[in-house]
Amino acid sequence: MALRLSKPIHLAAIDAGSNAFRLIVARVHSTDEWEVVKSVRAPVRLGHSAFTSGKFDRKTLRDATAAFREFRRIMDRQGVAAYRAVTTSAAREAANRHVLIERIHHEAKIDLEVISGEEEARLVRVATLRALRNSEPPRFILDLGGGSLELSELRKGVLQNSVGLPLGTVRLMEAFHSEGVIHEHCANDIRLHVLSVLQSSLANRPRCSTALAVACGGNAETLATLAPGPRM
């Protein structure tokens with residue numbers, strides 16, 4: 001049973017991903033009723049240089065801090081009562097992630113949390129199952145980010161297996177020095193690499209003749225616009 005609030009409150013979520021940052025502010029009426037009142041995307045590529053050099057460069061730190069200052073201004077204007085700000089694969093691997101966290105705390109007054117791959121996958125599962133609560137639960141959930149590919153296998157909505165793979169789009173672009181148009185020889189190299197990682201990491205692959213799979217994240221949204229199909 002949904003718990004209704006005496007008056008609506010504004011809550012915010014920030015995802016500082018490896019490819020872009022996103023802020024969403026929602027007006028919450030109850031535990032089961034809310035609407036998005038503000039959605040902002042900041043094109044900060046946190047994974048740039050982090051996946052090859054192992055640390056954030058100066059420009060990335062400046063851009064990230066500026067984006068969070070703008071997020072703070074928006075949150076203040078919207079009267080946000082509480083928030084959660086998380087960062088994922090690039091920050092997990094960057095040796096100087098503490099610099100990013102301290103700058104954002106000092107300049108934007110936002111506490112940024114570096115979450116594990118397991119927590120990242122859990123949040124995606126919770127959101128996906130909530131969005132599809134009136135439909136058949138998916139057998140697989142794939143979250144394709146800039147730094148990693150998080151795979152979850154479920155049976156009747158219950159988690160069976162979860163694995164995180166280093167197959168994010170920014171990571172691959174950095175590793176294969178690809179920017180802009182991807183030429184066929186480079187695309188073939190990337191395909192072989194992805195196949196190799198999948199085969200070595202998924203030794204006990206589930207065998208399903210048909211199964212519902214859900215792909216999440218900005219990369220999946222872009223792929224859906226490039227190769228559109230029926231909408232659920």
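Pairing each heavy atom of P166 with each of R171, the nearest pair is O-CD, 3.3 Å. A pairwise comparison of heavy atoms in G218 and R22 identifies CA-NH2, 3.7 Å as the closest pair. A pairwise comparison of heavy atoms in C216 and T128 identifies SG-OG1, 3.5 Å as the closest pair. Smallest separation of non-hydrogen atoms from A211 and F140: CB-CE1, 3.9 Å. Closest approach of N219 and G146 over heavy atoms only: ND2-N, 4.0 Å. Closest approach of A213 and L142 over heavy atoms only: CB-CD1, 4.0 Å.
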Please set out all donor-acceptor pairs under 3.5 angstrom arising from side-chain atoms of residues 158-165, sequence neighbours excluded.
| residue | atom | partner | partner atom | Å |
| --- | --- | --- | --- | --- |
| Q160 | OE1 | R155 | NH1 | 3.2 |
| Q160 | NE2 | V158 | O | 3.3 |

Side-chain atoms of residues 81-88: list all donor-acceptor pairs with protein atoms under 3.5 Å, sequence neighbours left out, distances to 0.1 Å.
| residue | atom | partner | partner atom | Å |
| --- | --- | --- | --- | --- |
| Y83 | OH | D111 | N | 2.9 |
| R84 | NE | E113 | OE1 | 3.1 |
| R84 | NH1 | E119 | OE2 | 3.2 |
| R84 | NH2 | E113 | OE1 | 3.3 |
| R84 | NH2 | E113 | OE2 | 3.0 |
| R84 | NH2 | E119 | OE2 | 3.3 |
| T87 | OG1 | A16 | O | 2.8 |

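Within 6.0 Å of CZ on R58 lie no more than 12 heavy atoms contributed by other residues, nucleotides or ligands.
Take F68 and apply the ring pair (Phe, Tyr, Trp, His ring centres under 6.0 Å) test, not counting sequence neighbours, and it matches F21, F71. Remark: H98 pairs with no residue by the ring pair (Phe, Tyr, Trp, His ring centres under 6.0 Å) rule, at least two apart or across chains. The side chain to side chain donor-acceptor pair (under 3.5 Å) test applied to S49 returns no partner, not counting sequence neighbours. Residues meeting the side-chain contact (heavy atoms from CB on, under 4.5 Å) test with N188, sequence neighbours left out: E184, R191. Partners of P8 by side-chain contact (heavy atoms from CB on, under 4.5 Å), not counting sequence neighbours, listed by chain and number: R27, H29. For D63, the side chain to side chain donor-acceptor pair (under 3.5 Å) partners two or more places apart in sequence, or in a different chain, are K59. For the side chain to side chain donor-acceptor pair (under 3.5 Å) test, residues two or more places apart in sequence or in another chain that qualify with R125 are S152. For Q78, there are no side chain to side chain donor-acceptor pair (under 3.5 Å) partners, not counting sequence neighbours.
The hydrophobic clustering, which links ILVMFWY residues whose side-chain heavy atoms are closer than 4.5 Å, places L149 and L46 apart. By the rule that hydrophobic residues join a cluster once side-chain heavy atoms approach within less than 4.5 Å of another member, L11 and V40 end up as members of separate clusters. Linking Ile, Leu, Val, Met, Phe, Trp and Tyr whenever their side-chain heavy atoms come within less than 4.5 Å puts F176 and L144 in one cluster. Hydrophobic cluster membership differs between L61 and V170, with clusters built from Ile, Leu, Val, Met, Phe, Trp and Tyr side chains linked at under 4.5 angstrom. No chain of hydrophobic side-chain contacts below 4.5 Å, direct or via other Ile, Leu, Val, Met, Phe, Trp or Tyr residues, connects L167 to M173.
Here the side chain of N96 pairs a donor or acceptor atom with the backbone of F56 at under 3.5 angstrom. Under the 3.5 Å distance criterion, the side-chain polar atoms of S30 are matched with a main-chain donor or acceptor of D32. Checked by atom type and distance alone, the side chain of S196 never pairs as donor or acceptor with a backbone atom of L192 at under 3.5 Å. Side-chain atoms of R97 come within 3.5 Å of backbone atoms of A94 as a donor-acceptor pair (strictly under, hydrogens ignored). Listed for the R92 side chain is a donor-acceptor partner under 3.5 Å among the backbone atoms of I115. Formation of a donor-acceptor pair under 3.5 Å by the S201 side chain with backbone atoms of L198 is not found in this model.
Using a 4.5 Å cut-off on side-chain heavy atoms (C-beta onward), T65 and H106 make no contact. Between L123 and D15, every side-chain heavy-atom pair lies at or beyond the 4.5 Å cut-off.
Under a 4.0 Å N-O distance rule, the pair E70/R73 qualifies as a salt bridge. Between R4 and E33 a salt bridge is recorded (basic side-chain N to carboxylate O distance below 4.0 Å).
Note: L100 CG to T60 OG1 = 9.5 Å, rounded to the nearest 0.5 Å. In this structure, OG1 on T169 lies 10.5 Å from CD on E174, to the nearest 0.5 angstrom. Rounding to the nearest 0.5 Å places NE2 of H48 at 13.0 Å from OG of S18. Here the CG atom belonging to L212 is positioned 8.5 Å from the OG atom belonging to S135, to the nearest 0.5 angstrom. Between E102 atom CD and E107 atom CD the span is 11.5 Å, to the nearest 0.5 Å. Atoms NE2 and CG, on H193 and L172 in that order, are 5.5 Å from each other to the nearest 0.5 Å.
Apart from L129 itself, the hydrophobic cluster it occupies contains V124, I141, L154, where clustering links Ile, Leu, Val, Met, Phe, Trp and Tyr at side-chain heavy-atom distances under 4.5 Å.
Sequence neighbours left out, the pairs with a member in residues 36-46 that pass side chain to side chain donor-acceptor pair (under 3.5 Å) are N19-R45.
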